[in-house]
Amino acid sequence: MRHVLQAILFLPVLILQGLWVAARAQRLPPAAGPTSDRIGEGAPLRILMLGDSSAAGMGAQTQDEALMGQLAQALSVDFDVQWKLIAKGGVTSSQALAMLLASEESQCDVAVVCLGVNDTKNGVSTREWKRSYAAVFAELRRRGARQIIACGLPPLGTFPLLPWPLRQTLGARANSLDKHLQVLTAGEPAAVHVPSLFEMDPAMMASDGFHPGPVLYSLWGQGLADVIRAQR
């Protein structure tokens, strides 16, 4: 509730700052490379990643340096990893759900979901956020996922691109949605909430000050790989 009151109080400033950030923000492309591949030896493991710009690898040059590539490489020492990526910068959870439903049918053993930043900054209601995310869970289960990793929202309150009070307001909103995500995943037997596994060091972020750089993607991918191994 506090972040809502704060947003109302600073609304004129937040609108101006939002426009300023949108005009100033560097436009990064998604990581180059295939959106599906196979790597490693061992027991077969099918991974589907769904998400926004972080899943798409913005801030990395290639998919090998991006989150999906780093995760697949980390798991390849133990598994024959067959992965597929469904991701696009700027999408909200409801838009990602539509992308998933429209994608070619593919079964998976593990699903990784990276969503929430755009719901936060676009003012998507908590009710709509929860409904869309629950529908994502249901569709991933239908595709065979026995392990669903819901990546926690990043600490927007620390992002160097965002000025105060916009940074503080979005940070509080992201924290609020992340708490709802924890409750949602607690009620989903196949899902686990994985909070940010690292500190958002500005020196390891991309040049736009908003997306992870390759080092952060590597840390993130290694952390997710450890979670996946621990649950298998």
Side-chain angles (χ1 to χ4, degrees), residues 25 27-31 33-37 46-60 63 66-72 83-154 156 159 170 173-185 187-188 190-196 210-212 217 220-221 224 227-228:
R27 300 292 188 267
L28 297 178
T35 55
S36 62
D37 206 346
R46 300 167 299 176
I47 300 180
L48 173 62
M49 181 175 288
L50 175 70
D52 50 28
S53 56
S54 59
M58 290 185 181
Q63 285 297 338
L67 180 59
M68 186 66 253
Q70 298 279 7
L71 173 59
W83 60 266
K84 180 175 181 178
L85 177 63
I86 302 174
K88 184 179 180 181
V91 296
T92 61
S93 296
S94 62
Q95 292 168 334
L97 172 62
M99 289 166 48
L100 178 62
L101 295 173
S103 68
E104 180 181 349
E105 181 71 19
S106 58
Q107 296 294 106
C108 60
D109 304 306
V110 177
V112 178
V113 185
C114 308
L115 292 169
V117 170
N118 297 304
D119 298 84
T120 299
K121 68 183 186 64
N122 293 358
V124 174
S125 71
T126 300
R127 178 179 297 180
E128 174 61 24
W129 149 260
K130 291 165 64 177
R131 181 167 54 240
S132 298
Y133 221 114
V136 166
F137 281 164
E139 176 61 18
L140 292 173
R141 284 198 316 271
R142 192 186 69 80
R143 296 188 181 209
R146 299 188 298 275
Q147 187 179 10
I148 303 174
I149 295 177
C151 294
L153 275 72
L156 293 180
F159 279 25
L170 290 181
R173 171 65 172 160
N175 289 339
S176 176
L177 287 185
D178 195 54
K179 289 179 181 178
H180 286 288
L181 181 58
Q182 292 177 47
V183 174
L184 188 64
T185 53
E188 170 56 60
V192 60
H193 173 272
V194 178
S196 294
F210 195 82
H211 291 93
Y217 278 132
W220 192 359
L224 293 179
V227 173
I228 291 172

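Bear in mind that the values here come from a model prediction, so they are computed numbers and not experimental data.
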Notebook entry, point to check: With no hydrogens and no angle check, is any side-chain donor or acceptor of Q107 less than 3.5 Å from a backbone partner on R46?
Noted result: no
Margin query: Checking the side chain of D52 only, and the main-chain atoms of G89 only, is there a donor and an acceptor separated by less than 3.5 Å?
Written below: no
Notebook entry, point to check: What pair of heavy atoms forms the shortest contact from P34 to W83, and how long is it?
Noted result: O-CH2, 3.3 Å
Next item on the list: Could you check R143 against L100 for side chain to side chain contact (heavy atoms under 4.5 Å, CB included), going step by step and ending with a plain yes or no?
Entry: CA-CA 11 Å; R143 296 188 181 209; L100 178 62; 3.8 Å; yes
Next item on the list: State, to 0.1 Å, how close S103 and I86 come at their nearest heavy-atom pair, and which atoms those are.
Entry: OG-CD1, 3.4 Å
Checklist line | Parallel, tilted or perpendicular, as decided by the 30° and 60° cut-offs, for the rings of W220 and Y217 | finding: parallel
Notebook entry, point to check: Are D109 and I47 close enough, and set up right, to give a side chain to side chain contact (heavy atoms under 4.5 Å, CB included), and what steps lead you there?
Noted result: CA-CA 6 Å; D109 304 306; I47 300 180; over 6 Å; no
Item checked: Note, L50 side chain near V136 side chain (heavy atom, < 4.5 Å) -> yes
Next item on the list: Would you list the pairs meeting ring-ring contact (aromatic ring centres under 6.0 Å, His included) in which at least one residue belongs to residues 96-118, sequence neighbours left out?
Entry: none
Next item on the list: Using only heavy-atom distances, determine whether the side chains of D178 and S176 contain a donor-acceptor pair under 3.5 Å.
Entry: no
Note to self: Does either side chain, that of S125 or that of R131, offer a donor lying less than 3.5 Å from an acceptor on the other one?
What the structure shows: no
Next item on the list: Using the salt bridge (charged side-chain N to carboxylate O under 4.0 Å, His left out) rule, collect all pairs that involve residues 91-100, keeping only residues at least two apart or in two chains.
Entry: none
Next item on the list: Kindly compute the distance separating CD (Q147) from CG (L140), expressed to the nearest 0.5 Å.
Entry: 12.5 Å
Check: If every non-hydrogen atom of L85 is compared with every non-hydrogen atom of A87, which pair is closest and at what distance?
Finding: CD1-CB, 3.8 Å
Check: Roughly how far apart are T126 OG1 and H180 NE2, rounded to 0.5 Å?
Finding: 4.5 Å
Item checked: Where C151 and V112 come nearest, the two heavy atoms and their spacing -> SG-CG1, 3.8 Å
Notebook entry, point to check: Distance from S106 atom OG to L48 atom CG, nearest 0.5 Å?
Noted result: 5.0 Å
Notebook entry, point to check: Do R127 and S132 meet the criterion of a side-chain donor-acceptor pair at a distance under 3.5 Å?
Noted result: no
Check: Would you say N122's side chain and V124's backbone share a donor-acceptor pair under 3.5 angstrom?
Finding: no
Next item on the list: Take L184 and F137 through the test side chain to side chain contact (heavy atoms under 4.5 Å, CB included) and record every step on the way to the result.
Entry: CA-CA 10 Å; L184 188 64; F137 281 164; 4.0 Å; yes
Notebook entry, point to check: Roughly how far apart are S54 OG and M68 CE, rounded to 0.5 Å?
Noted result: 12.5 Å
Checklist line | Closest approach of V91 to M99 (non-hydrogen atoms, all atoms of both residues) | finding: CG1-SD, 3.7 Å
Check: Can you name the nearest heavy-atom pair linking C114 to L67, along with the distance?
Finding: SG-CD2, 3.8 Å
Item checked: S94 vs E128 side-chain heavy atoms within contact, under 4.5 Å -> yes
Next item on the list: To the nearest 0.5 angstrom, please state how far the CD1 atom of I149 sits from the CD1 atom of I228.
Entry: 4.0 Å
Note to self: With salt bridge (charged side-chain N to carboxylate O under 4.0 Å, His left out) as the rule and sequence neighbours excluded, what pairs involving residues 83-105 come up?
What the structure shows: E105-R142
Checklist line | Side-chain H-bond candidate by donor/acceptor type, T92 with D119, under 3.5 Å | finding: no
Notebook entry, point to check: Of V183, L177, T185, which is the lone residue that meets side-chain contact (heavy atoms from CB on, under 4.5 Å) with L181?
Noted result: T185
Notebook entry, point to check: Atom CZ of R173 and atom CH2 of W129: how far apart are they, to the nearest 0.5 Å?
Noted result: 9.0 Å
